[in-house]
Number of protein chains: 2
Amino acid sequence: MGTTQLDTVPEPKYWHLKTVLSEALDSDFAVGEILPNERELAARFGVARATLRQALEQLELEGRLQRRRGVGTTVAPPRVGVDVGTSQHGWPGAAGDTWQPVDCTSAVPPAAVARMLGGDSGNSGDEVHTVRRIRVTHGQPVAAELLYVPAASVPDLAAIESPSGAARARSVLRELQRLAMEGQDRAVELGSARADDAKELDRLPGAPVLVVTTRYFAEGGTAAVSVATYRADTCRLTFGDSGDLEISHHTQERRAS
Amino acid sequence: MGTTQLDTVPEPKYWHLKTVLSEALDSDFAVGEILPNERELAARFGVARATLRQALEQLELEGRLQRRRGVGTTVAPPRVGVDVGTSQHGWPGAAGDTWQPVDCTSAVPPAAVARMLGGDSGNSGDEVHTVRRIRVTHGQPVAAELLYVPAASVPDLAAIESPSGAARARSVLRELQRLAMEGQDRAVELGSARADDAKELDRLPGAPVLVVTTRYFAEGGTAAVSVATYRADTCRLTFGDSGDLEISHHTQERRAS
DNA sequence: TAGTGGTCTAGACCACCCG
DNA sequence: GGGTGGTCTAGACCACTAA
């Protein structure tokens with residue numbers, strides 16, 4: 001059968017749609033511009049709304065679109081590069097870091113975190129200081145963090161201080177600086193936003209996020225563990241291992257009204 | 001009307017389903033075990049199949065499940081940590097790296113890559129050596145890479161050598177080693193697999209991937225750019241900044257037959 | 001209140017894998 | 001050929017936003 005190898009791959013409709021839309025975004029739309037609504041787009045392309053949505057979801061995942069219930073679908077600006085790593089070759093909360101403390105409570109950490117903190121000893125089930133921080137860039141929240149600090153890492157923390165709140169968060173961070181940092185350890189993976197993180201990030205629960213887990217080492221053990229969730233749609237995590245970090249972007253930015 | 005504050009947040013069905021399934025996975029299933037098929041699960045929970053699928057998609061995104069057409073849905077093993085960074089504080093292809101060259105062609109790079117390579121000069125549109133490599137861990141493909149190397153970075157590359165193929169890929173990598181590495185620069189973002197990457201990774205096009213872009217600096221400029229796409233469902237990217245990389249996992253691994 | 005995206009349904013057919 | 005997940009449809013209602 002001399003199949004001329006044309007119909008070998010019946011490309012799904014939503015995939016083709018995504019390609020068409022992507023090209024249209026490049027040529028016909030400016031950043032911030034509002035697209036026609038989903039019902040009209042579906043009709044225009046002759047597909048069911050669910051199919052059209054499948055294509056939009058992909059484009060949103062790739063950071064090309066931004067959708068907001070009750071408002072509409074807009075063309076997203078290029079992802080912002082947020083530095084992860086170099087700026088924090090000190091403790092969290094050191095001078096110059098871009099996080100802002102929100103709250104601090106005492107709680108039993110999740111099992112995975114307890115495992116990293118506990119090491120080989122069997123002291124799981126213990127409560128640790130749990131600092132909540134958020135990171136804001138260009139006025140937009142980009143990440144929410146939970147920082148787990150065992151009481152042993154901040155022995156001089158005055159019991160007099162407020163039992164919770166941003167003030168206590170700052171106290172814990174201040175005490176952390178007294179330790180001699182011995183190293184860090186970082187991991188990045190894909191996750192979906194928990195309800196509380198989603199709220200801080202101004203997204204719906206389940207939104208795709210990049211989870212950055214950092215272990216801080218001091219005094220031969222793990223002094224703290226940070227779990228930071230970054231908005232995957234708007235963020236590009238950068239690890240500046242080299243000296244020059246100035247990236248001359250020259251991104252073509254056509255802005256809508 | 002004494003609403004006892006129970007219906008304040010009408011949690012979406014798929015979200016609740018996801019939670020229930022997640023707990024069931026923890027308690028009732030072993031890694032590798034096959035779940036009931038989608039039609040039966042949907043019936044069992046009293047929802048439409050599309051709703052059930054929405055929950056499964058989330059769990060797959062989080063690396064809890066693995067779905068394969070024609071086969072079924074299985075419980076995924078914990079994500080594997082793949083090192084990104086330390087092992088490559090040399091050039092790609094240096095002794096001990098875990099990539100295997102597949103092919104090498106000459107092609108005009110995408111605009112974004114050309115911008116990183118070209119710097120301020122206006123020599124875009126030029127063809128560069130494009131090396132294809134894949135990374136395999138535990139017998140499974142975890143990443144596919146395109147490495148862009150301008151001809152200027154490998155001036156002594158013999159024109160006699162084969163014009164493409166794995167042999168030429170190795171030649172380009174070998175020539176790269178001759179340069180003095182001045183630094184690197186790394187970024188991670190979420191993307192969806194292109195058709196060619198999806199094929200190498202044994203996934204469907206559009207599957208979520210973590211895109212790692214690395215710039216290699218030498219002789220005052222960018223000597224090469226690597227764009228590596230990692231399977232987001234199975235990979236956790238690790239950046240070992242500290243000395244000790246041995247993570248004692250102690251993960252509870254109950255294996256199915 | 002009107003319009004948007006988000007959720008949900010009950011079907012149908014298709015592509016793929018395996019016995 | 002029988003069973004699986006993947007795609008697609010044509011509706012419906014809900015939650016949210018903004019005028």
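We name chains A, B, ... by the order of the sequence lines, and we start the count at 1 in each one.
- Residues passing the side-chain contact (heavy atoms from CB on, under 4.5 Å) test with A/Thr130 are A/Thr105, A/Ala107, A/Val128, A/Leu146, A/Tyr148, sequence neighbours excluded.
- Within the 4.5 Å cutoff, the side chain of B/Val188 has heavy atoms near those of the B/Phe239 side chain.
- Interface residues of residues 13-21 of chain B facing DNA chain C, ordered by number: B/Lys13, B/Tyr14; criterion, heavy-atom separation under 4.0 Å.
- Listed by chain and residue number, B/Arg68 satisfy the side-chain contact (heavy atoms from CB on, under 4.5 Å) test with B/Val71 (two or more places apart in sequence, or in another chain).
- Taking the charged nitrogens against the carboxylate oxygens, B/Arg135 and B/Asp83 have no contact shorter than 4.0 Å, which rules out a salt bridge.
- For the segment residues 192-210 of chain B, no residue has any heavy atom less than 4.0 angstrom from an atom of DNA chain C.
- Taking a 4.0 Å limit (strictly below) on heavy-atom distances, residues 36-61 of chain A reaches DNA chain C at A/Asn37, A/Glu38, A/Arg39, A/Arg49, A/Arg53.
- Taking atom CZ of residue A/Arg69 and atom P of nucleotide C/dG5, one finds them 12 Å apart after rounding to whole Å.
- Judged as a salt bridge (Lys or Arg N to Asp or Glu O under 4.0 Å), and not counting sequence neighbours, the contacts of B/Glu40 are B/Arg44.
- Qualifying salt bridge (Lys or Arg N to Asp or Glu O under 4.0 Å) partners for B/Arg132, counting only residues two or more places apart in sequence or in other chains: B/Asp197, B/Glu200.
- Using a 4.0 Å cutoff to heavy atoms of chain A, the contacted part of DNA chain D runs 5' to 3' from D/dT7 to D/dT17.
- Partners of A/Glu38 according to the side chain to side chain donor-acceptor pair (under 3.5 Å) rule, which considers only residues two or more places apart in sequence or in another chain, are A/Arg49, A/Arg53, A/Arg67.
- By the salt bridge (Lys or Arg N to Asp or Glu O under 4.0 Å) test, A/Asp202 is found to be paired with no residue, residues two or more places apart in sequence or in another chain being considered.
- Within the 4.5 Å cutoff, the side chain of B/Asp26 has heavy atoms near those of the B/Arg64 side chain.
- Not a single side chain to side chain donor-acceptor pair (under 3.5 Å) links A/Arg39 to another residue, sequence neighbours left out.
- Partners of B/Pro205 by side-chain contact (heavy atoms from CB on, under 4.5 Å), not counting sequence neighbours, listed by chain and number: A/Trp15, B/Ala198.
- With contacts defined as side-chain heavy-atom distances shorter than 4.5 Å, the pair A/Arg168/A/His129 qualifies.
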